[in-house]
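Since the structure is predicted, the reported quantities are computational estimates derived from the model, not experimental observations.
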Amino acid sequence: MPFELPQLKYANTALEPVIDAMTVEIHHSKHQATYTKNLNTALEKYPEFYSKSIVEILKDLSKVPEDVRTAVKNNGGGYYNHALYWENLTPNGTGEPTGKLAEAINSTFGGFTPFKEQMEKAGLTRFGSGWAWLSKKSDSSLLIHSTANQDCPLSEGLTPLLTIDVWEHAYYLKYQNRRADYLAAIWGIIDWKDVENKFLA
Ligand code: MN3
């Protein structure tokens with residue numbers, strides 16, 4: 001199959017206590033695996049897309065044949081968004097952004113604390129299911145925003161740097177209805193080196 005479920009760079013238990021092992025296991029091996037399988041199924045009739053990267057596909061969904069476009073948007077988004085989410089997390093959280101990324105965050109949002117407040121607000125105010133994002137615009141400036149369902153910033157001409165999954169399946173086993181508590185806790189496991197690498201790329 002052209003799209004394969006990416007392996008996690010840490011054990012299912014590694015993100016505890018912020019995200020429990022059962023949530024990581026189900027989220028990765030069931031939810032993300034299903035998006036992966038359904039993305040492959042959606043593209044079966046159009047094998048020419050098997051040679052493209054998921055980034056290329058999501059950047060220009062208008063090139064995807066109309067009969068599978070919604071399936072590719074939803075499952076391709078689910079495939080890519082989760083890959084970014086897991087890459088952004090680490091059991092060895094470094095605490096705060098550094099270098100050029102820290103400078104850009106401070107100058108854009110007025111500091112790391114207001115940045116975190118705005119990210120948490122983006123996640124909290126996303127009604128239903130979706131994602132909170134720190135993305136880079138084409139002029140390299142930063143933007144905090146959210147998307148619904150599995151919609152991806154790549155399809156809006158943005159480069160995603162950091163994401164927080166706010167679907168209930170991302171936090172319900174441990175936090176139940178307390179999305180705010182999940183959002184507040186996740187800062188302890190963000191891999192700021194990874195986010196900075198994406199910013200500089
Ligand atoms: Mn999810």
Exercise. Do H28 side-chain atoms and W86 backbone N/O form a donor-acceptor pair below 3.5 Å?
Worked result: no
For this session: Output the distance between atom CD1 (I26) and atom OH (Y172), rounded to the nearest 0.5 Å.
Result: 14.0 Å
For this session: Might you confirm whether atom NZ of K73 has over 12 heavy atoms from other residues, nucleotides or ligands at distances under 6.0 Å?
Result: no
Exercise. How about L143 and T108: do any of their side-chain heavy atoms sit closer than 4.5 Å?
Worked result: no
Exercise. Do the side chains of N81 and D165 get nearer than 4.5 Å, heavy atoms only?
Worked result: no
Exercise. Looking at D191 and K9, does any basic side-chain N land under 4.0 Å from a carboxylate oxygen?
Worked result: yes
Exercise. How would you list, by chain and number, every residue that makes a ring-ring contact (aromatic ring centres under 6.0 Å, His included) with F199, sequence neighbours excluded?
Worked result: none
Exercise. Ion pair present between K45 and D67, side-chain N to carboxylate O less than 4.0 angstrom?
Worked result: yes
Problem set entry | Under the salt bridge (charged side-chain N to carboxylate O under 4.0 Å, His left out) test, residues paired with K30 that sit two or more places apart | none
Problem set entry | Aromatic plane relationship, F115 with F109 - under 30° parallel, 30 to 60° tilted, over 60° perpendicular | tilted
Exercise. When rounded to the nearest 0.5 angstrom, what distance separates CD1 in I189 from CG in L15?
Worked result: 4.5 Å
Exercise. Say you draw a straight line from CG of D181 to CD of Q176; how long is it, rounded to the nearest 0.5 Å?
Worked result: 9.5 Å
For this session: Might you point out which heavy atoms bring A122 and I144 nearest each other, and give the distance in Å?
Result: CB-CG2, 3.9 Å
For this session: Say whether, by atom type as modelled, one donor and one acceptor occur between the side chain of S51 and the main chain of E48 under 3.5 angstrom.
Result: yes
Exercise. With sequence neighbours left out, which residue pairs that include part of residues 129-140 fulfil the side-chain hydrogen bond (donor to acceptor under 3.5 Å, both in side chains) condition?
Worked result: W131-Q150, W133-T147, S135-H145, D139-S141
Exercise. Which residue pairs pass the side-chain hydrogen bond (donor to acceptor under 3.5 Å, both in side chains) test when at least one of the two sits in residues 11-24, sequence neighbours left out?
Worked result: D20-T23
Exercise. For the residue pair N88 and L162, what are the closest heavy atoms and their distance?
Worked result: OD1-CA, 3.1 Å
For this session: Any pair with a residue in residues 111-128 that passes side-chain hydrogen bond (donor to acceptor under 3.5 Å, both in side chains), sequence neighbours left out, goes on the list, sorted by first then second residue, please.
Result: E120-W187, R126-S146
Exercise. Under a 4.5 Å cut-off applied to non-hydrogen side-chain atoms, are Y171 and L183 in contact?
Worked result: no
For this session: Taking all heavy atoms of P160 and all of L84, pick out the closest pair and write down the distance.
Result: CB-CD2, 3.9 Å
Seminar exercise, completed: In this structure, CD1 of I105 is separated from NZ of K100 (nearest 0.5 Å) by 14.0 Å
Exercise. Do H82 and H31 have their ring centres less than 6.0 Å from each other?
Worked result: no
Exercise. Side chain of Q32, backbone of S29: donor and acceptor closer than 3.5 Å?
Worked result: no
Exercise. How about T98 and E196: do any of their side-chain heavy atoms sit closer than 4.5 Å?
Worked result: yes
Exercise. Just wondering, are more than 12 heavy atoms of other shown residues or ligands nearer than 6.0 Å to CD in E66?
Worked result: no
Seminar exercise, completed: When rounded to the nearest 0.5 Å, the distance separating CG of L101 from CG of L200 is 7.5 Å
Exercise. Short question: side chain of N38, backbone of N75 - any donor-acceptor pair under 3.5 Å?
Worked result: no
Problem set entry | By ring-ring contact (aromatic ring centres under 6.0 Å, His included) - contacts of Y80 (at least two apart) | none
Exercise. Would you call L39 and V72 a side-chain contact if the rule is heavy atoms closer than 4.5 Å?
Worked result: yes
For this session: Measure the spacing between CH2 of W167 and CZ of R179 and express it to the nearest 0.5 Å.
Result: 11.0 Å
Exercise. Any side-chain heavy atom of P2 sitting closer than 4.5 Å to one from K52?
Worked result: no
Exercise. Do any N or O atoms from the side chain of Y50 and from the backbone of N40 form a donor-acceptor pair under 3.5 angstrom?
Worked result: yes
Exercise. Do I190 and T90 come close enough that some side-chain heavy atom pair is under 4.5 Å?
Worked result: no
Exercise. When you measure from the side chain of K193 to the backbone N and O of P97, does any donor-acceptor pair fall under 3.5 Å?
Worked result: no
Exercise. Side-chain contact, heavy-atom cut-off 4.5 Å: T159 with K198?
Worked result: no
Exercise. Is E56 salt-bridged to K59, going by a charged N under 4.0 Å from an acidic O?
Worked result: no
